[in-house]
Amino acid sequence: MENQEYIVKTIIHAGNKIINFVPGTKVVFHFKTTKCDPEKTVIDDSKVMGNPMELVLGKKFKLEIWEVIVQKMALNEVALFRVDKSLVTAYPFVSKTLREVGKPQSEKRSHHCCGVTLQNEGIGYDDLNELIKYPQDLEFTIELVKVILPHEYEKESWQMTEDEKLKSIPDIREKGNTLFRNKNYESACNMYAKGIGILEQLMLAEKPNEEEWLALNRLKIPLLLNYAQCKLIQKEYYAVIEHCTTVLKHDPNNVKALYRRGKAYMGAWDEERAIQDLTRAAELDSTLQNTVEKELQAFSAAIKEKNQIEKKKLSKLFQ
């Protein structure tokens, strides 16, 4: 693949740092794709699109040649690569995806996976349809603007192995706790949700209620409870009820889940369920007894006041 007959490189502007690329390295680069015709017809330009391209090496990107050529570059180098048509057959499909990033579904053009339909109708862009029908060499002008080695950035979950995902959970939980302590509840919520999502991915690979699945679920419960506490502070009561109910399905006597769900029921003006959950929490943890009694008294008074206000409003309607 790296034979000079297939890839020809011309340096336009020399770089200033040689990089030792390893799998997992994140590379960020601008690109301009042109035909090799006399007019040098531009197909795509990332600077016009508005965002540079970002790749993680070794993750089998659909256009493999980009992974190959960026590793031939130094940081901040600008280079022109002429690439044989046999190595860029995937380009029209990659181009379509990049052109439609962030667009609503209604603005995306048709994409058929059926070979006959694809040949007849194409992928929605005339210039890309022409490339599919008449493959040709392409030129890529690449500007390598940023290189981040694997240890220098936090991996997305899709980049991690199952073992890496599992090992990331304590760190994610601690980051969420730090954000919570700093009263950055929205970011803490997002961090806890990230951990919950990773664990749920891992749980899909296990049989429900078997030991491996139960072990993952035990890790998920504290994250669910922390997430619920954030939502309680943000007064998103139905989210609290949902996540605490998930905990209570597997741990019916979880005091934190009962207490937080009870508080959420209060916020949702569900008196019966609020009394039920908070009373049960106080039964399981006697230290909550005084707190729960005071909260239920205040809640009862608030309900009476609310009912009186509503009665007055109704009475005015019928005067």
Side-chain angles (χ1 to χ4, degrees), residues 7-17 19 21 24-113 118 121-148 152-159:
I7 304 171
V8 179
K9 176 184 178 182
T10 305
I11 295 176
I12 298 172
H13 178 78
N16 53 19
K17 183 179 180 182
I19 304 294
F21 294 98
T25 300
K26 187 181 289 187
V27 293
V28 181
F29 59 92
H30 277 292
F31 69 92
K32 182 164 72 173
T33 307
T34 57
K35 293 182 178 180
C36 296
D37 55 15
E39 295 78 24
K40 297 293 182 185
T41 304
V42 176
I43 302 172
D44 293 307
D45 187 335
S46 64
K47 291 183 178 179
V48 174
M49 292 176 169
N51 292 300
M53 183 65 196
E54 187 173 297
L55 280 182
V56 177
L57 301 180
K59 291 298 176 181
K60 297 182 179 178
F61 181 64
K62 197 169 186 179
L63 189 63
E64 185 183 352
I65 191 62
W66 272 0
E67 288 200 31
V68 173
I69 61 180
V70 294
Q71 292 182 72
K72 295 173 175 286
M73 300 180 69
L75 185 61
N76 297 316
E77 179 181 318
V78 181
L80 174 69
F81 295 88
R82 179 170 180 144
V83 181
D84 186 83
K85 61 185 179 182
S86 64
L87 302 179
V88 291
T89 53
Y91 186 78
F93 305 97
V94 171
S95 173
K96 173 185 168 62
T97 300
L98 294 176
R99 291 178 185 189
E100 297 183 346
V101 167
K103 288 186 177 180
Q105 193 62 39
S106 59
E107 292 182 22
K108 294 182 180 181
R109 307 195 187 180
S110 61
H111 186 180
H112 305 283
C113 55
L118 177 62
E121 297 182 18
I123 58 174
Y125 296 89
D126 291 342
D127 58 340
L128 301 181
N129 292 336
E130 185 183 1
L131 270 182
I132 293 170
K133 289 182 181 179
Y134 308 107
Q136 58 181 276
D137 295 356
L138 294 177
E139 289 184 346
F140 300 107
T141 304
I142 305 289
E143 179 186 356
L144 186 58
V145 296
K146 196 171 186 181
V147 175
I148 312 170
E152 295 175 335
Y153 70 94
E154 185 176 335
K155 290 183 180 179
E156 299 291 335
S157 62
W158 62 267
Q159 295 173 248

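Atom set for the values below is all heavy atoms of this structure, side chains included, hydrogens, waters and symmetry mates excluded.
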Residue pair Met53, Leu98: steps toward the side chain to side chain contact (heavy atoms under 4.5 Å, CB included) verdict = CA-CA 9 Å; Met53 183 65 196; Leu98 294 176; 3.8 Å; yes

Go through Ile65 and Ile7 one step at a time and tell me if the side chain to side chain contact (heavy atoms under 4.5 Å, CB included) criterion holds.
-> CA-CA 9 Å; Ile65 191 62; Ile7 304 171; 3.4 Å; yes

Hey, is the main chain of Leu138 close enough, under 3.5 Å, to the side chain of Lys85 for a donor-acceptor pair?
->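 Such a contact is absent between Lys85 side chain and Leu138 backbone.
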
Donor-acceptor pair, Asp37 side chain versus Thr41 backbone, under 3.5 Å?
->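 It does hold such a pair.
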
Check salt bridge (Lys or Arg N to Asp or Glu O under 4.0 Å) between [X] and all other residues, then give those that pass, not counting sequence neighbours.
| X | value |
| --- | --- |
| Glu67 | none |
| Lys47 | Glu143 |
| Lys17 | none |
| Lys32 | none |

Holding to side-chain contact (heavy atoms from CB on, under 4.5 Å), I want the full list of residues that pass it with [X], two or more places apart in sequence or in another chain.
| X | value |
| --- | --- |
| Thr97 | none |
| Leu80 | Thr10, Ile12, Glu139, Thr141 |
| Thr89 | none |
| Asn51 | none |

Are any non-hydrogen side-chain atoms of [X] and [Y] less than 4.5 angstrom apart?
| X | Y | value |
| --- | --- | --- |
| Ile132 | Ile123 | yes |
| Val27 | Leu57 | yes |
| Ile142 | Met73 | yes |
| Lys26 | Val147 | no |

Closest approach of [X] to [Y] (non-hydrogen atoms, all atoms of both residues):
| X | Y | answer |
| --- | --- | --- |
| Ala14 | Ile11 | N-CG2, 3.9 Å |
| Lys62 | Ala90 | O-CB, 3.8 Å |
| His30 | Ser46 | ND1-OG, 2.7 Å |
| Phe81 | Ile69 | CZ-O, 3.5 Å |
| Pro92 | Leu131 | CG-CB, 3.8 Å |
| Arg99 | Ile43 | NH2-O, 3.2 Å |

Nearest-0.5 Å distance that lies between atom CG in Asp137 and atom SG in Cys36 =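 SG of Cys36 is found 5.0 Å from CG of Asp137.
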
To the nearest 0.5 Å, tell me how far Gln71 CD sits from Ile19 CD1.
->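 Interatomic distance, Gln71 CD to Ile19 CD1, rounded to 0.5 Å: 11.5 Å.
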
For Phe140, check ring pair (Phe, Tyr, Trp, His ring centres under 6.0 Å) against everything at least two apart and list the hits.
->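 Phe140 satisfies ring pair (Phe, Tyr, Trp, His ring centres under 6.0 Å) with Trp66, Tyr91 once adjacent residues are dropped.
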
Could you walk me through whether Thr33 and Asp44 pass the side chain to side chain donor-acceptor pair (under 3.5 Å) test, one step at a time?
-> CA-CA 5 Å; Thr33 307; Asp44 293 307; 4.8 Å; no

Taking only residues two or more places apart in sequence or in another chain, which ones pass side-chain hydrogen bond (donor to acceptor under 3.5 Å, both in side chains) with Asn76?
->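 side-chain hydrogen bond (donor to acceptor under 3.5 Å, both in side chains) list for Asn76, sorted by chain: Asn16.
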
Residues two or more places apart in sequence or in another chain: which of them pass side-chain hydrogen bond (donor to acceptor under 3.5 Å, both in side chains) with Glu130?
->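 Checked Glu130 against side-chain hydrogen bond (donor to acceptor under 3.5 Å, both in side chains); matches are Lys35.
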
Is there any ring-ring contact (aromatic ring centres under 6.0 Å, His included) pair reaching into residues 39-61, and which pairs are they, with sequence neighbours excluded?
->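 Non-adjacent pairs meeting ring-ring contact (aromatic ring centres under 6.0 Å, His included): zero.
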
